[in-house]
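Since this is a predicted model, take the numbers as computed values, not measurements. Side chains are part of it too, since the values below use all heavy atoms of this structure and drop only hydrogens, waters and symmetry mates.
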Number of protein chains: 2
Amino acid sequence: MTADTRQKTLNQAQLVPIVLDEGQRGYDILIGSGLLDEPSSWQGLSKAASALIVSNETVAPLYLQRLRAQLSKYYARVDAVLLPDGEQFKDWASLNLIFDRLLETASDRKTVLFALGGGVIGDMTGFAASVYMRGVPFVQVPTTLLAQVDSSVGGKTAINHPLGKNMLGAFYQPARVIADLDTLDTLSQRELSAGLAEVIKYGPIADAAFLDWIEVNLDALLARDKSALAYAVKRCCEIKAWVVGQDEREQGLRAILNFGHTFGHAIETGLGYGEWLHGEAVGCGMVMASDLSVRLGLMPAEFLPRMRALIERAGLPVVGPPLGAQRYLDLMRVDKKAEGGEIRFVLVEGLGKAGMHAAPDELVEMVLATHCA
Amino acid sequence: MTADTRQKTLNQAQLVPIVLDEGQRGYDILIGSGLLDEPSSWQGLSKAASALIVSNETVAPLYLQRLRAQLSKYYARVDAVLLPDGEQFKDWASLNLIFDRLLETASDRKTVLFALGGGVIGDMTGFAASVYMRGVPFVQVPTTLLAQVDSSVGGKTAINHPLGKNMLGAFYQPARVIADLDTLDTLSQRELSAGLAEVIKYGPIADAAFLDWIEVNLDALLARDKSALAYAVKRCCEIKAWVVGQDEREQGLRAILNFGHTFGHAIETGLGYGEWLHGEAVGCGMVMASDLSVRLGLMPAEFLPRMRALIERAGLPVVGPPLGAQRYLDLMRVDKKAEGGEIRFVLVEGLGKAGMHAAPDELVEMVLATHCA
């Protein structure tokens, strides 16, 4: 985006820059109310003859026409493809719906994809953009709290495989992220809570003061207070930008963003995708990972009840499904962080600090026995 | 590979380095006889608990056990997955066979994939490696002339879509390319000719002296003279390394490697994948592209008969299938080089020099009318 546009947009919205490769690459996250209908949000993207909006059956009736109206100012043709809604559809079949549409409309190497929806839409659109003609530009337009604070930022894209969550994908950065806070008004309370799981995550792994802030402001967040949401989205994006800027391809540090996700992915895959929302599984997974942090002596005992209470207040499950310890362990052994069959957990090592740790199976089984029913 | 290993291997084989990002990344192409059974070929790759060999039903009976024997020295587990043989199987379904096997065997982020076969196997293995857990290392072990001189080098990976050839893929570089010339002994004459199409290609676009050399040595190449093949493979890899080193992601120069491919891909997609071999379609496509170069005044009239005679001598088709001009044009409009519906052809601008050109539909129709029956 040009300096001018950037300044103009800054007047209306928060702007968090993502800086990669010491400034050689990067993009902006715009955060604010009314961004969807604000022309400057969409200015300055790469020129193309056409754009394709990818959305789902739930989000499209709410926002598709408004986005299309804005994009029609910049692209001679604006097409749309609607995918079925839900984690269970984050697969090859849905991905191919995007490719079919791109090829039916003879979209070229410059066609820009717009991901209008939550994390599933963002992950699939980004992966499709990375693959179509070996890479076309894409823009994230996250409409859920979870996508605004986490999945739309940082360029991790993926689909699920029946045997493992997010197993197939690419590191592929968007050209811009446009997080219109007003779209959170239409979220179900269950979706809002799921997003809060990822908000809560950032505290213990990176920012103890933010954890305090969340505890104080959780009721405001649950009541969708716009200024509380704006602060939370901005702070989460800042932390994520800081982490991704140092380790785009998860060679090390970036893995801390997966706090609660090793247990969480096992819940999602074990129950069948879509049974629990991703944020719900992460919430419950953070309870387990907090317990494991305590059992390994990395955190004092009071850390577990503190995390469990906060996660429960956020409206998230704190008791995992009874898949059986062996099934949990089998599922976690194909986690992307595992190496040579050894599961590696992201654990908290002090408030605001996390790292990777292996753990004896017996200890993990005790954690599972304590938190599953 | 370490300097020691590199030196040792150099004594036995030709080595062409690929240098990317001004030396920050790169890898080696080893070319020689007996490399498959030579332990140093496989030394110094990244350490992992397991390897997966991807091959097909035709190549595996010939070479799989020998490759497995070598790799077993370096990896605790060596698995294999065999795909059906042929361009018509370069699709999602085959790709998923690779993913299924990787997940069934709980392969991790370090697992190394080995592509043992021709261009189809190399393209699919590379794409699978780029996608599995968002990227694992892979090694190209090309066993066809076409793969040794072209497709295994440079990191272009892809699968086909019913509406367009190589439409879905990634730029993803191998860790090494090991081209054992002895594997060319088992090629059918048809496959050998198909490979010669890509050999011939390098002359007009990049090296006029190499075009002369091919004309003089074509009979030796067709008779599989080992020293002629060794020179051809090495020279093609040198040219490709030079091009890819300047333009890995095909922002400009790299497109010249697609000489003959715009017409050729239309033949492949139009007839149905696998009907003609890729090299056959490229051979015929080069006749058409040579004619178009002449008709646009870029080359003198004698260029066309010279190219046609050489391509025909190589055992390749020089007359295209009668798909109809409109169908050819429609297919070429979804070519990856097209922009906003305008087809862009790689044309020869002087012996050893090529560039991108648009052409009036009427001229293209005249070319098609002349060379199709």
Side-chain angles (χ1 to χ4, degrees), chain A residues 21 47-50 76-77 91-93 95-96 98-111 127-128 130-136 155-159 161-164 166-172 249-251 269 330-344, chain B residues 21 47-50 76-77 91-93 95-96 98-111 127-128 130-136 155-159 161-164 166-172 249-251 269 330-344:
Chain A
D21 302 334
K47 288 200 194 311
S50 66
R77 210 184 64 231
D91 60 10
W92 285 127
L95 201 67
N96 271 308
I98 305 177
F99 297 137
D100 291 346
R101 184 61 58 89
L102 284 166
L103 280 158
E104 283 158 16
T105 55
S107 298
D108 64 30
R109 259 184 186 168
K110 302 202 161 173
T111 299
F127 187 33
S130 84
V131 162
Y132 184 66
M133 293 194 174
R134 302 194 186 94
V136 294
K156 266 197 185 178
T157 72
I159 57 171
H161 183 282
L163 295 178
N166 289 343
M167 280 295 157
L168 310 173
F171 289 101
Y172 195 71
R249 289 182 168 253
E250 196 165 320
Q251 308 292 307
T269 309
D330 287 347
L331 287 164
M332 293 193 291
R333 261 188 259 284
V334 293
D335 183 79
K336 290 192 290 301
K337 294 181 293 299
E339 257 186 54
E342 184 181 74
I343 309 166
R344 294 156 79 228
Chain B
D21 302 335
K47 288 199 194 309
S50 66
R77 210 185 63 232
D91 60 10
W92 284 127
L95 201 67
N96 270 307
I98 306 177
F99 297 137
D100 290 347
R101 183 61 57 90
L102 283 166
L103 280 158
E104 283 159 15
T105 54
S107 297
D108 64 29
R109 258 183 186 168
K110 300 202 162 173
T111 299
F127 187 33
S130 84
V131 162
Y132 185 65
M133 293 193 174
R134 301 194 186 95
V136 295
K156 267 197 187 179
T157 72
I159 58 171
H161 184 280
L163 297 178
N166 288 344
M167 280 296 157
L168 310 172
F171 290 100
Y172 195 71
R249 289 182 167 254
E250 196 165 320
Q251 309 290 309
T269 309
D330 288 347
L331 287 164
M332 293 194 289
R333 261 189 259 284
V334 293
D335 183 79
K336 290 193 289 301
K337 294 181 294 300
E339 256 187 54
E342 185 180 73
I343 309 166
R344 293 157 80 229

Gap between atom NZ of A/K336 and atom CZ of B/R134 - 0.5 Å precision: 4.5 Å
Which word best sums up how the rings of B/F99 and A/W92 line up, parallel for under 30°, tilted for 30 to 60°, or perpendicular for over 60°? parallel
For residues A/A49 and B/G340, report the shortest heavy-atom separation together with the two atoms involved. CB-CA, 4.2 Å
Which one of B/N96, B/L163, B/I159, B/D330 has the most heavy-atom pairs closer than 4.5 Å to chain A? B/N96
Rounded distance (nearest 0.5 Å) linking atom CG of A/L102 with atom CG of B/L168: 9.0 Å
Which bit of B/Y172 is near chain A, if near means a heavy-atom gap under 4.5 Å: side chain, backbone, both or neither? neither
Given heavy-atom pairs under 4.5 angstrom as the criterion, report whether the side chain, backbone, both or neither of B/A170 touches chain A. backbone
From B/R109 CZ over to A/D335 CG, what is the distance, rounded to the nearest 0.5 angstrom? 8.0 Å
For B/A48, what residues pass the side-chain contact (heavy atoms from CB on, under 4.5 Å) criterion, not counting sequence neighbours? B/Y75, B/K110, B/V112
Among the options A/N166, A/T111, A/L103, A/V334, pick out the one with the most heavy-atom pairs lying under 4.5 Å from chain B. A/L103
Under a 4.5 Å heavy-atom cut-off, does chain A meet the side chain of B/T157, its backbone, both or neither? backbone
Gap between atom NZ of A/K337 and atom CG of B/D108 - 0.5 Å precision: 13.0 Å
Among B/R249, B/E104, B/H161, which residue forms the greatest number of heavy-atom pairs with chain A at distances under 4.5 Å? B/H161
Taken in chain and number order and not counting sequence neighbours, the residues that satisfy side-chain contact (heavy atoms from CB on, under 4.5 Å) with B/R77 are B/S50, B/D79, B/T105, B/S107
